[in-house]
Amino acid sequence: MYRIIALLMLFIPGAIAAFGIKLMRDTVFDDYYPIFMYSSIQFIFGLLLFIGGLLFVGGFIVHRDRKKHRSTEEK
């Protein structure tokens, strides 16, 4: 049960990051969503979604490794 919850905790931010990449790609190829007034706003929003999702997944992995004492840092 806990593994399914952990998988969902990684899937949702991963999907958000993937949508951020899609927004940035659509901006480059001139495909705009009507909710964004300018292409630069769409690109920045996509970049923020991508960075946010990536930071969450990375932080989750670092937290799990530190909890299990698998850190690669020299002490």
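Because only heavy atoms are used, hydrogens play no part in the values below, and waters and symmetry mates are left out as well, while side chains stay in. Quick caveat, the model's predicted, so the values are computed rather than measured.
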Q. Any link between L47 and L55 through a network of hydrophobic side chains (Ile, Leu, Val, Met, Phe, Trp, Tyr) touching at under 4.5 Å?
A. yes

(Q) Could you check whether any side-chain heavy atom of L23 comes within less than 4.5 Å of a side-chain heavy atom of F43, counting everything from C-beta outward? (A) no

Q. Residues two or more places apart in sequence or in another chain: which of them pass ring-ring contact (aromatic ring centres under 6.0 Å, His included) with F36?
A. F45

**Q.** Residues in side chain to side chain contact (heavy atoms under 4.5 Å, CB included) contact with I44, at least two apart in sequence or another chain
**A.** L48

Q.
Does L8, at its CG atom, have more than 12 non-hydrogen atoms belonging to other residues, nucleotides or ligands within less than 6.0 Å?
A. yes

Q: Consider only side-chain heavy atoms of I, L, V, M, F, W and Y, link residues closer than 4.5 Å, and tell whether I41 and F50 are in one cluster.
A: no

Q) If Ile, Leu, Val, Met, Phe, Trp and Tyr residues are connected whenever their side-chain heavy atoms lie under 4.5 Å apart, and connections chain through other members, are I61 and L7 in the same group? A) no

Q: Enter the distance from M37:CE to Q42:CD here, rounded to the nearest 0.5 Å.
A: 12.0 Å

**Q.** Other residues, nucleotides, ligands: >12 heavy atoms within 6.0 Å of I35 CD1
**A.** no

Name each donor-acceptor pair under 3.5 Å that joins a side chain in residues 11-22 to protein atoms two or more places apart or in another chain, with its distance.
from	atom 1	to	atom 2	distance (Å)
K22	NZ	D26	OD2	2.7
K22	NZ	Y33	OH	2.8

(Q) Distance check, rounded to the nearest 0.5 Å: H63 atom NE2 versus F56 atom CZ? (A) 10.0 Å

